[in-house]
K.L.:
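So that we are looking at the same thing, I have put the structure below in structure tokens.
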Amino acid sequence: MAKRVLVVANRTVGGRKLLEAVKQRAEQGDVEFHLVVPLARPRHGDVIYDHAQRDAAQLRIQLSHDFLKAQGIEITGEIGDEDPFTATLDAVASYAPDEIIVSTLPEVRSGWLRRDLVERIREETDRPVEHLVTDVEAEGLAVGVTLVVANRTSGGEALIDVLKRQASDDSARVFVCVIPQEGGEGQAAHVARERLGRLLRTLRENGILASGMIGDPDPYDATMNALDLFTVDKVVISTLPGEKSGWLRSDLIERVRKSTTAEIEHVEVDVPETATA
């Protein structure tokens, strides 16, 4: 039977050390990988949207699957409990791994290590546990990641052209798309998901590796939550032009620029009023 390896990670998904560890085991022969991503609670915004939490976790799983599959490595995944210890034990019970890899941030920034996650897993299970520490901010990721923030302009040609250019310049780049909701009611979430679906279909039709989620109604909170959850080196923000854009009137671009070291690119898309309604 194939050796089963359980990977527990969240913010460090895509980290060089973790991907190298997976590749090394894959090269050894018949190995199956299963990734569990515990739910992460967003730090920005007054309301916690459960679907946004699950979207973010599912997005990590999807991007990991797509990236590894492109290198000939198959991995399955599941969303785990908010408590990483509970998430790990649940996955151990259902997946029955032969080995566990726990990937965390460095101790000074890791809530998991402050809760002694690795030692608790070692004490509770009889499987070998390897702990990988990845400083994604200092070391970077094994693949470039662009965060795309758009709403009414998400289908604009100018935005698609920018993303196609970035993908052409870096064939290993992946794109995380966030569509903020326009309001907190259910219909707003439905509209945001439709826009997200259209954007992702367009990108995938152009051979671009992309996944996405809907975000907080406040575009700044939606952007900052995404930056908390994902390590990115580029951000593309797409808005309506000039005074048509509430995002520009709220100085979104400069506020985001002051909050991240990632490269910011602003794209203006003049969408007809009938198309934005």
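All residue numbers in this chain count up from 1 along the given sequence.
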K.L.:
Name the one of Leu199, Thr146, Ile214 that satisfies side chain to side chain contact (heavy atoms under 4.5 Å, CB included) with Cys177?
P.N.:
Leu199
K.L.:
Counting distance only, does the side-chain N/O of Thr153 pair as donor-acceptor with the main-chain N or O of Val269 below 3.5 Å?
P.N.:
no
K.L.:
How far does CG of Leu39 sit from CG of Asp81, to the nearest 0.5 angstrom?
P.N.:
7.5 Å
K.L.:
Donor-acceptor pair, Asn10 side chain versus Pro38 backbone, under 3.5 Å?
P.N.:
yes
K.L.:
Is there a side-chain hydrogen bond (donor to acceptor under 3.5 Å, both in side chains) between Thr231 and Arg11? Walk through the geometry before answering.
P.N.:
CA-CA 7 Å; Thr231 301; Arg11 185 69 190 273; 3.3 Å; yes
K.L.:
Between Ser94 (side chain only) and Asp90 (backbone N and O only), is there a donor and an acceptor less than 3.5 Å apart?
P.N.:
yes
K.L.:
So, Arg165 and Glu265, do they make that salt bridge, N to O below 4.0 Å?
P.N.:
yes
K.L.:
Applying a strict under-4.5 Å side-chain criterion to I, L, V, M, F, W and Y, I'd like to know whether Leu209 and Val178 cluster together.
P.N.:
yes
K.L.:
Do Thr12 and Ser103 have side-chain N/O donor and acceptor atoms under 3.5 Å apart?
P.N.:
yes
K.L.:
In terms of side-chain geometry, is the basic nitrogen of Asp251 or Arg257 positioned less than 4.0 Å from the acidic oxygen of its partner?
P.N.:
no
K.L.:
Could you tell me whether the side chains of Ser259 and Tyr220 share a donor-acceptor contact shorter than 3.5 Å?
P.N.:
yes
K.L.:
Considering non-hydrogen atoms only, spot the tightest contact between Val13 and Ser64 and give its length.
P.N.:
CG1-OG, 2.7 Å
K.L.:
Do Arg4 and Tyr95 meet the cation-pi criteria used here (NZ or CZ under 6.0 Å from the six-membered ring centre, within 45° of the axis)?
P.N.:
yes
K.L.:
Mind checking the CG-CH2 spacing from Leu105 to Trp112? Nearest 0.5 Å is all I need.
P.N.:
8.5 Å
K.L.:
Over all heavy atoms of both residues, which pair between Gly212 and Leu200 is shortest? Give the atoms and the distance, please.
P.N.:
N-CD1, 3.9 Å
K.L.:
Counting only N and O atoms by type, is there a donor-acceptor contact under 3.5 Å from the side chain of Gln181 to the main-chain atoms of Asp216?
P.N.:
no
K.L.:
Which heavy atom of Ile100 sits nearest a heavy atom of Val8, and at what distance?
P.N.:
CG2-CG2, 4.3 Å
K.L.:
To the nearest 0.5 Å, how far apart are CZ in Arg195 and CZ in Arg198?
P.N.:
7.0 Å
K.L.:
By the definition salt bridge (charged side-chain N to carboxylate O under 4.0 Å, His left out), identify the one residue from Lys17, Arg16, Arg109 that meets it with Asp135.
P.N.:
Arg109
K.L.:
Tell me whether Ser154 contacts the main-chain N or O of Ala150 through its side chain, where contact means a donor paired with an acceptor under 3.5 Å.
P.N.:
no
K.L.:
If you measure from the Lys or Arg side-chain nitrogens to the Asp or Glu carboxylate oxygens, is any gap between Glu119 and Arg122 under 4.0 Å?
P.N.:
yes
K.L.:
Using a strict threshold of under 4.0 Å (side-chain N to carboxylate O), is an ion pair present between Lys3 and Glu99?
P.N.:
yes
K.L.:
Minimum heavy-atom separation for Ile208 to Phe175, with atom names?
P.N.:
CG2-CD1, 3.3 Å
K.L.:
Looking only at non-hydrogen atoms, find the nearest pair between Leu113 and Glu107 and report the distance.
P.N.:
CD1-CA, 3.7 Å
K.L.:
Is the backbone of Pro97 close enough, under 3.5 Å, to the side chain of Arg127 for a donor and an acceptor to pair up by distance?
P.N.:
yes
K.L.:
Can you tell me how far the CG atom of Leu227 sits from the OG1 atom of Thr260, to the nearest 0.5 Å?
P.N.:
5.0 Å
K.L.:
Distance-only, no hydrogens or angles: does the Ser250 side chain make a donor-acceptor pair with backbone N or O of Trp247 under 3.5 Å?
P.N.:
yes
K.L.:
Distance-only, no hydrogens or angles: does the Thr88 side chain make a donor-acceptor pair with backbone N or O of Pro84 under 3.5 Å?
P.N.:
yes
K.L.:
Can any side-chain N or O of Asp83 pair as donor or acceptor with the backbone N or O of Phe85 at less than 3.5 Å?
P.N.:
yes
K.L.:
What I want to find out is whether Glu130 reaches Arg25 closely enough, with some N-O distance under 4.0 Å, to be called a salt bridge.
P.N.:
yes
K.L.:
Kindly compute the distance separating NE2 (His65) from CG (Leu35), expressed to the nearest 0.5 Å.
P.N.:
11.0 Å
K.L.:
Checking side-chain polar atoms at under 3.5 Å, does Ser211 have a donor or acceptor matched by the opposite partner on Gln62?
P.N.:
no
K.L.:
Determine whether Ile79 and Val37 make a side-chain contact, defined as any pair of heavy atoms from C-beta on separated by less than 4.5 Å.
P.N.:
no
K.L.:
Testing the basics here: between Leu159 and Val267, what is the closest heavy-atom pair and its distance to 0.1 Å?
P.N.:
N-CG1, 3.9 Å
K.L.:
Is a side-chain N or O of Asn206 found less than 3.5 angstrom from the main chain of Thr202, in a donor-acceptor match?
P.N.:
yes
K.L.:
If you measure from OG1 on Thr125 to CG on Leu89, what distance do you get to the nearest 0.5 Å?
P.N.:
7.5 Å
